[in-house]
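Everything below concerns the one structure shown next.
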Amino acid sequence: MKPQVTYNGLTFEPYITREQISERIQQLAREVERDSQGQVPLLVCVLNGAALFATDLFRNLDIDAEIAFIRLKSYEGTSTTGTVKTLMGLTEDIKDRTVILIEDIIDTGTTIHGLLKQLEPQGAQSIKVATLLFKPDSLKCDVKPDYVGFEIPSKFIVGYGLDLDGLGRNLNDIYVLKQ
Ligand code: IMP
Ligand code: MG
């Protein structure tokens, strides 16, 4: 683990190690297996941020499972509209499926709330939400993730898929913005 990393003039310090991430993902995989009860869950990875978390969770599952990818962008206007733009949509039929949406982080909840609203009419048997990181103090929408890797304070972080302007995603550990 690096003692610190700097992107665009901002310095970040170590926060969650790769060992902690790996151990937590294995625990989450056991929870998903237990909850699946013979169903074949469809993991829907929200790109780009969740790519690493989703694939690590997926390959730790010791049951039949499928994975699909979507790409979203939440509008960041002057007011929080809850509008989510789909850059790459879901082609899989989710009717009667056990769906688990995989996010890197839930901050205001705008992205995941918008996605749930989009998918709800499509007749899935259930739609759950898994997020590696959750900032409960930032939440502005009515969403409650079913699987949470780590609850964290409302601080900006990078690493393990999370970025600052595209950078930092390939760090294997998670770093927090230095005050
Ligand atoms: P939300 O829609 O406000 O919940 O924000 C979700 C998206 O904002 C995430 O999928 C991330 O792409 C981004 N985001 C929120 N917090 C952070 C952070 O601390 N670091 C990097 N990206 C973040
Ligand atoms: Mg994201």
Side-chain angles (χ1 to χ4, degrees), residues 1-18 20-22 24-25 28 42-58 67-90 99-120 127-179:
M1 196 171 199
K2 298 175 172 118
Q4 61 174 50
V5 291
T6 302
Y7 299 111
N8 296 350
L10 296 177
T11 300
F12 295 82
E13 57 192 9
Y15 190 51
I16 304 174
T17 67
R18 66 192 74 187
Q20 289 173 301
I21 296 168
S22 164
R24 188 72 190 110
I25 288 176
L28 292 177
L42 173 66
L43 274 57
V44 175
C45 167
V46 182
L47 294 171
N48 294 329
L52 280 67
F53 172 48
T55 50
D56 277 345
L57 180 64
F58 185 59
I67 192 165
F69 299 85
I70 58 171
R71 192 159 177 210
L72 305 175
K73 201 162 193 74
S74 42
Y75 284 115
E76 297 287 309
T78 43
S79 61
T80 324
T81 59
T83 316
V84 175
K85 190 179 167 193
T86 306
L87 301 181
M88 188 179 98
L90 191 64
V99 176
I100 307 176
L101 305 178
I102 314 286
E103 256 289 20
D104 52 353
I105 188 163
I106 296 178
D107 186 26
T108 63
T110 307
T111 309
I112 203 72
H113 185 260
L115 179 58
L116 283 164
K117 286 279 156 285
Q118 275 181 31
L119 297 182
E120 266 159 15
I127 305 181
K128 288 186 174 169
V129 174
T131 187
L132 179 67
L133 300 151
F134 180 36
K135 297 180 187 172
D137 301 337
S138 301
L139 199 62
K140 290 190 188 132
C141 299
D142 182 23
V143 282
K144 196 182 168 297
D146 301 276
Y147 306 100
V148 175
F150 303 93
E151 277 197 12
I152 62 168
S154 299
K155 291 181 177 172
F156 195 80
I157 58 159
V158 294
Y160 194 69
L162 290 118
D163 70 304
L164 174 66
D165 296 332
L167 298 175
R169 290 196 202 278
N170 57 327
L171 295 166
N172 285 294
D173 309 279
I174 290 175
Y175 294 74
V176 64
L177 184 62
K178 212 169 163 175
Q179 302 294 1

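For the single chain, residues carry numbers from 1 onward in sequence order. Indexing begins at 1, ligand by ligand and atom by atom, following the structure's order. Only heavy atoms go into these numbers, but all of them, side chains included; no hydrogens, no water, no symmetry mates.
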Just going by heavy-atom distances, which of V84, I105, L139 is nearest to atom 13 (C) of ligand 1? I105
Closest to atom 5 (O) of ligand 1 (judged by heavy-atom distance), picking from D107, L133, V158, I106: D107
Does at least one non-hydrogen atom of [X] fall below 4.0 angstrom from an atom of ligand 1?
X    : value
K140 : no
H113 : no
I112 : no

Might you point out which heavy atoms bring [X] and [Y] nearest each other, and give the distance in Å?
X    : Y    : answer
R24  : V148 : NH2-O, 3.0 Å
L139 : I106 : CD1-CG2, 3.9 Å
A50  : I102 : CB-O, 3.3 Å

Just so I know, are the side chains of [X] and [Y] near enough to count as touching, which here means a heavy-atom distance under 4.5 Å?
X    : Y    : answer
I70  : V46  : yes
V143 : V129 : no
F12  : I157 : no
H113 : K140 : no

Taking only heavy atoms of [X] into account, list the atoms of ligand 1 that are under 4.0 Å away from them.
X    : answer
T111 : 1 (P), 2 (O), 5 (O), 6 (C)
D163 : 21 (C)
E103 : 10 (O)
T110 : 1 (P), 2 (O), 4 (O)

Between ligand 1 and L162, is the shortest N or O to N or O distance under 3.5 Å? no
Pairs of nitrogen or oxygen atoms closer than 3.5 Å, one from G109 and one from ligand 1: do any exist? yes
Under 4.0 Å, heavy atoms only, figure out whether ligand 1 is touched by the backbone of K155, its side chain, both or neither. backbone
Whether the E103 and T111 side chains hold a donor-acceptor pair (N or O, under 3.5 Å, no angle test) is what I'd like checked. no
